[in-house]
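Everything on this sheet refers to the single structure shown next.
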Amino acid sequence: MTPQDHIRNFSIIAHIDHGKSTLADRIIQKTGLLTDREMQDQVLDNMDLERERGITIKAQAVRLIYHANDGEEYVFNLIDTPGHVDFNYEVSRSLAACEGALLVVDAAQGVEAQTLANTYLAMEHDLEIVPVINKIDLIAADPERVKQEVEDILAIDCSDAPLISAKVGINIEAVLEKIVEQIPPPHGDPDAPLKALIFDSLYDPYRGVIVFVRIVDGSMKAGTRVRMMASEQEYELVEVGHMGAGRLFPSEDLSAGEVGYFTASIKEVQHTRVGDTVTDALNPATEALPGYKKVQSMVFCGLFPADGSKYPDLRDALERLKLNDASLSFEAETSTALGFGFRCGFLGLLHMEIIQERLDREFNLDLIATAPGVIYKVHKLNGLEIDLSNPADMPDPAEIAYMEEPIVKAEIILPTEHIGAIMDLCQDRRGEYQSIEYLEATRALLTYHMPLNEIIYDFFDALKSRSRGYASFDYELIGYQRSDLVKLDMLINREPVDALSFIVHESKAYERGRKIAERLKEEIPRHLFEVPIQAAIGSKVISRETVKALRKDVLAKCYGGDVSRKKKLLEKQKEGKKRMRQFGNVEVPQSAFMSVLKFDEDDK
Amino acid sequence: MKTINKLIMGPIPETGIGLYVHIPFCVRKCAYCDFLSFPCDAQGQETYVDALCREIRQLEQVPLRTLYIGGGTPSILSEALIGRICDTIRSTCRILPEAEWTIECNPATFDLAKARSWRAMGIDRVSMGVQSLNDRLLKRIGRIHSAEEARKGFRTLQEAGFTNISIDLMMGLPEQSMEDWMSTLREAVSWGPSHISCYSLIVEEGTPLYEEDEKGFLNLPDEETERAMYHETVKYLKEHGLPQYEISNFAKPGMESRHNTSYWERISYIGLGLGAASLMDEKRWREPMEMHKYLTGETPTIEEELTLEDQMKEIMLLGLRMNRGVSEYAFQKRFGVSMWDVFSKELAELQTCCLLETRDDRVFLTFKGRDLANQVFMRFV
């Protein structure tokens with residue numbers, strides 16, 4: 001057992017692409033736990049998807065042995081955190097398991113929105129922050145300017161911040177020494193009743209849930225009967241140990257200050273929620289660790305299999321994903337247009353995208369997603385208040401006293417030359433200006449309060465295109481605000497299509513309705529009859545387009561030499577028809593449901 | 001060696017089959033053409049005809065009810081080469097009495113002597129590609145001849161003694177107006193052909209017109225105009241004694257193309273020559289598409305072997321192209337089941353949307369059904 005003063009528990013925090021994973025790799029390499037052969041490019045990023053997107057989705061931890069310049073052997077527990085705002089809660093739990101954090105800042109780009117958000121989060125947890133200036137090998141690197149920026153904006157002393165390049169391996173030793181010098185050791189009481197913080201978990205088909213914990217007080221070993229204080233589940237531990245890079249090393253016990261894992265034949269990931277406190281069932285702690293929250297979904301959408309017969313496959317796939325991802329929620333939903341599917345809840349947009357991509361990639365499911373929505377609060381005249389996450393459940397407007405929508409605080413860091421364009425964008429999205437701060441001569445921090453439903457469509461894309469890719473963005477939910485919201489229905493051939501309904505601010509309804517009607521007109525093939533497409537609020541039609549009747553669809557020639565080929569053409573045409581959704585007499589291609597989700601900048 | 005005769009498994013019906021001979025040569029490719037056709041010198045033509053005749057010689061005593069020499073432009077072959085083909089057919093196969101024998105030709109590729117030689121060889125029907133009688137449009141679609149040469153061509157065929165002459169015309173051409181089209185149609189009818197084929201232009205992938213269309217330079221008549229041309233054509237030709245008998249074909253009564261009709265009735269046929277297709281013993285096979293493979297005698301590829309269900313679908317799919325449609329009785333007799341049992345859902349739905357009609361013993365496309373025939377055909381693939 002390592003004495004507590006030789007343990008260092010820390011995370012690495014950074015804006016996306018500032019080199020967090022690369023630095024983690026280098027630290028793992030320099031501490032010599034692994035041979036070079038074992039080193040994958042990015043050891044901490046296990047999933048293919050993460051590697052391609054260059055971000056880390058699931059937190060993991062690794063224990064490393066470091067022989068410091070003082071001749072002593074130290075145990076480093078490096079706890080990786082997801083880099084995106086959607087996973088804020090997971091980040092906060094990971095940080096709660098640490099005493100310090102390496103703050104990695106790109107020597108060319110400087111402080112970005114997530115640098116700011118993550119640093120504030122680390123400060124909230126009273127972590128010792130060790131700044132590291134990375135990518136000094138870049139031609140555009142300006143470490144002195146960036147150091148100044150970190151000091152000015154974050155008030156963190158950078159006078160002896162290591163200037164490194166994780167990529168080419170410059171100055172990594174300095175970082176390791178800093179960890180030993182600056183980050184305080186843990187100071188839990190090994191003899192107090194067990195208190196361990198769950199900061200992540202992983203489902204393993206053979207061992208059940210593998211739970212990652214930081215032992216705050218006391219100790220645990222195989223055979224210990226533990227209780228999760230929030231979920232009130234009890235289990236007997238089967239195995240405890242430490243995490244190597246991509247491997248588990250069983251050990252006799254885990255004691256105060258240490259980071260490790262346990263297994264206990266747990267089948268439900270919901271039983272071991274991130275943030276929950278593990279205690280000894282026979283000698284329980286009186287109080288749980290602070291900060292536990294039940295994760296709330298922020299963004300919702302309907303997911304339907306393109307091929308209706310794949311519904312059971314979709315259910316299985318969602319259940320499989322949920323094993324590892326307690327923040328994913330779903331319940332069965334039936335749409336007249338799209339058949340059987342699921343209403344799914346996500347932490348945010350990125351989370352939603354990742355889940356959709358994983359369903360497509362890992363489970364080979366062709367999906368139709370409906371427009372993403374948020375939770376609205378509907379106050380009815382009879383005094384009842386309901387949380388509305390599915391437009392289909394919207395009560396009759398006559399029963400509604402008023403509605404509220406979620407508001408976020410959006411922080412945007414951007415080059416000053418784009419301020420005008422981005423303020424226009426925020427204004428257009430019903431943003432409420434809060435402040436502008438000049439970080440330096442050419443960059444500014446813009447703060448807006450914005451309705452969440454305005455940023456879940458394409459705000460990221462619009463932001464990037466209007467700032468030529470230079471703006472960075474972060475948001476957090478700050479509350480609910482009363483708002484004039486309406487449910488917009490799309491009618492195809494005079495029948496409302498439930499899967500196309502959504503809730504929108506009254507001032508945006510006309511424009512959005514017109515746009516979607518135009519899109520649908522392009523997507524819906526011509527039928528034997530005229531197909532009207534209408535956008536309506538209640539019984540009031542606000543926009544109309546018409547798909548003209550098909551006038552000509554005939555192969556002029558078919559002789560002996562091309563019967564086979566003509567049959568193939570007809571088969572192709574028939575195949576295309578089959579892939580469409582029958583809606584009354586109208587066939588609607590899947591692309592129509594997707595097209596309404598995409599609004600290009602130039603459509604505005 | 002060639003193995004055409006090895007592909008023919010069953011007995012050939014005494015009522016005879018069709019023979020198609022493909023001549024893949026032309027003076028120059030037209031801008032809309034996606035057929036297997038290209039320019040070729042005299043030596044190449046001779047080598048090809050040699051290979052063709054070797055194949056024909058395998059069809060010993062095969063009874064033929066229709067013959068068709070198509071292309072490309074068969075009329076660019078010399079009298080001697082066409083003669084060799086025809087002689088080989090006549091000396092090998094058994095041409096049934098009343099057999100129809102067609103050759104395709106294009107204006108400006110034959111003279112009176114050549115046309116007379118065709119007659120002498122037993123050919124009794126000529127199909128001439130006129131396409132348009134407007135020089136501007138002829139040029140636009142890359143034809144090699146003028147309107148005047150087409151007129152002269154028709155007179156030459158008459159002079160040579162042909163009484164069964166068919167003319168191919170195209171509508172829906174780039175920049176073609178309703179009046180452009182109708183004046184071509186009126187003049188062509190005034191010549192007194194026994195048969196007219198009127199094709200709506202199909203812009204096929206890989207043709208120069210397709211490239212133009214992609215760039216947005218094609219300026220085709222809009223759908224309304226194009227359909228109006230078609231509807232006007234059906235009306236005009238009926239009034240002038242050439243009623244429609246298939247989606248794109250019109251003829252004096254009794255002068256319908258027997259060879260082409262046999263495709264829509266699924267009568268067996270053998271296609272010889274580069275890329276030519278055959279339907280025999282419920283198999284569809286095709287000769288090699290590349291010249292060197294054809295010349296070295298590579299075996300044709302079987303593209304489809306048709307199950308009973310496939311055959312039933314094809315009877316509908318092809319039969320419905322004809323105005324008279326498909327006979328319930330003939331269907332029942334051929335397959336031992338009623339088409340109303342096999343295709344109950346399809347037929348009912350198509351009747352409901354007014355694309356199909358039934359009268360007496362026959363199921364056929366409605367007027368609207370002929371504009372939207374693919375919507376019908378799709379149900380039978």
Side-chain angles (χ1 to χ4, degrees), chain A residues 307-309 492-495 518 521-533 545-592 602, chain B residues 18 20 22 34-36 68 70 170-172 197-202 222-224 226-227 230 246-248 257 259-260 262-264 266 269-271 275-279 284-286 303-304 310 313-314 317-318 321 353-355 365 368-381:
Chain A
D307 170 359
S309 68
I492 295 179
N493 207 20
R494 298 185 180 80
E495 291 287 335
E518 279 170 14
K521 184 191 172 181
E522 284 166 31
E523 294 285 341
I524 294 174
R526 293 164 67 192
H527 285 64
L528 298 177
F529 44 88
E530 196 177 276
V531 179
I533 296 166
E545 295 284 339
T546 306
V547 180
K548 284 203 286 181
L550 186 64
R551 292 293 312 278
K552 181 197 172 192
D553 182 18
V554 52
L555 294 166
K557 275 187 179 186
C558 183
Y559 295 112
D562 47 18
V563 175
S564 300
R565 190 170 72 97
K566 293 287 156 70
K567 273 163 65 178
K568 281 208 184 86
L569 286 176
L570 290 165
E571 266 160 29
K572 225 169 127 187
Q573 197 177 352
K574 187 178 182 173
E575 221 23 69
K577 224 172 139 83
K578 249 198 222 154
R579 279 198 304 271
M580 294 196 210
R581 293 278 164 169
Q582 188 75 30
F583 195 74
N585 286 330
V586 182
E587 279 151 350
V588 181
Q590 279 159 26
S591 55
D602 45 286
Chain B
Y20 176 82
H22 190 63
D34 76 330
F35 280 91
L36 198 50
Y68 200 103
M170 291 175 87
M171 70 182 95
S197 301
C198 299
Y199 298 112
S200 292
L201 173 70
I202 302 174
D222 61 30
E223 201 175 68
E224 307 288 307
E226 197 275 346
R227 277 299 95 179
Y230 182 73
E246 193 259 1
I247 288 171
S248 304
S257 163
H259 185 82
N260 287 340
S262 75
Y263 292 141
W264 304 316
R266 297 190 83 259
Y269 57 92
I270 291 176
S278 302
L279 171 66
R284 292 191 182 277
W285 72 71
R286 187 181 292 281
E303 291 187 328
E304 286 186 282
D310 295 334
K313 285 177 174 170
E314 277 196 4
L317 169 72
L318 296 167
R321 293 191 68 86
C353 42
C354 301
L355 297 176
L365 292 180
K368 181 179 168 191
R370 277 188 287 277
D371 286 339
L372 302 168
N374 288 358
Q375 295 286 322
V376 177
F377 299 156
M378 236 185 323
R379 309 294 184 110
F380 301 106
V381 291

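Here the structure is a predicted model, which means the values were calculated and not measured. In what follows, every chain begins at residue 1, and chains take the letters A, B, ... in the order their sequences are listed.
Taken to the nearest 0.5 Å, the CD1 atom of Ile247(B) stands 8.0 Å off from the CG atom of Leu555(A). In this structure, CG in Asp562(A) is found 9.5 Å from OH in Tyr263(B), a value given to the nearest 0.5 Å. Here the NZ-CZ distance, from Lys552(A) to Arg227(B), works out to 5.0 Å after rounding to the nearest 0.5 Å. Atom OH in Tyr559(A) sits 10.5 Å away from atom NE2 in His259(B) (nearest 0.5 Å).
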**Message:** Evaluate Gln573(A) against Asn374(B) for side chain to side chain contact (heavy atoms under 4.5 Å, CB included), listing each step before the verdict.
**Reply:** CA-CA 9 Å; Gln573(A) 197 177 352; Asn374(B) 288 358; 3.7 Å; yes
**Prompt:** Arg321(B) and Cys558(A): side chain to side chain contact (heavy atoms under 4.5 Å, CB included), yes or no, with the steps?
**Reply:** CA-CA 9 Å; Arg321(B) 293 191 68 86; Cys558(A) 183; 3.5 Å; yes
**Asked** Does the side chain to side chain contact (heavy atoms under 4.5 Å, CB included) test come out yes or no for Leu317(B) and Leu570(A), once each step is laid out?
**Response** CA-CA 10 Å; Leu317(B) 169 72; Leu570(A) 290 165; 3.4 Å; yes
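Salt bridge Asp34(B)/Arg565(A): present, at least one basic N to carboxylate O contact under 4.0 Å. Salt-bridge annotation for Lys567(A) and Glu304(B): present, with a side-chain N of the basic residue lying under 4.0 Å from a carboxylate O of the acidic one. The pair Arg526(A)-Glu223(B) counts as a salt bridge, with a side-chain nitrogen and a carboxylate oxygen less than 4.0 angstrom apart.
Looking at Arg286(B), the atoms closer than 4.5 Å to chain A (heavy atoms on both sides) all sit in the side chain, from C-beta outward. For Lys313(B), no part sits under 4.5 Å from any heavy atom of chain A, backbone or side chain. Using a 4.5 Å cut-off between heavy atoms, Leu36(B) makes no contact with chain A at all. Neither the backbone nor the side chain of Tyr68(B) comes within less than 4.5 Å of any heavy atom in chain A. Heavy-atom distances place the side chain of Ile202(B), and not its backbone, under 4.5 Å from chain A. For chain A, no part of Tyr20(B) is nearby; none of its heavy atoms comes within less than 4.5 Å.
No other option in Val554(A), Leu528(A), Leu550(A) has as many heavy-atom pairs under 4.5 Å with chain B as Val554(A). Listed options Glu571(A), Lys557(A), Lys577(A) were ranked by heavy-atom pairs under 4.5 angstrom with chain B; first place goes to Lys557(A). For the options Glu303(B), Glu226(B), His22(B), Arg379(B), heavy-atom pairs under 4.5 Å to chain A are most numerous at Glu226(B).
Here the closest heavy-atom approach between residue Gln375(B) and residue Asp553(A) is recorded as NE2-OD2, 2.9 Å. Across all their heavy atoms, Ala277(B) and Gly561(A) have their closest contact at CB-CA, 3.9 Å. Of all heavy-atom pairs spanning Ser200(B) and Ala556(A), the tightest one is O-CB, 3.7 Å.
More than 12 heavy atoms of other residues, nucleotides or ligands sit less than 6.0 Å from atom OH of Tyr199(B).
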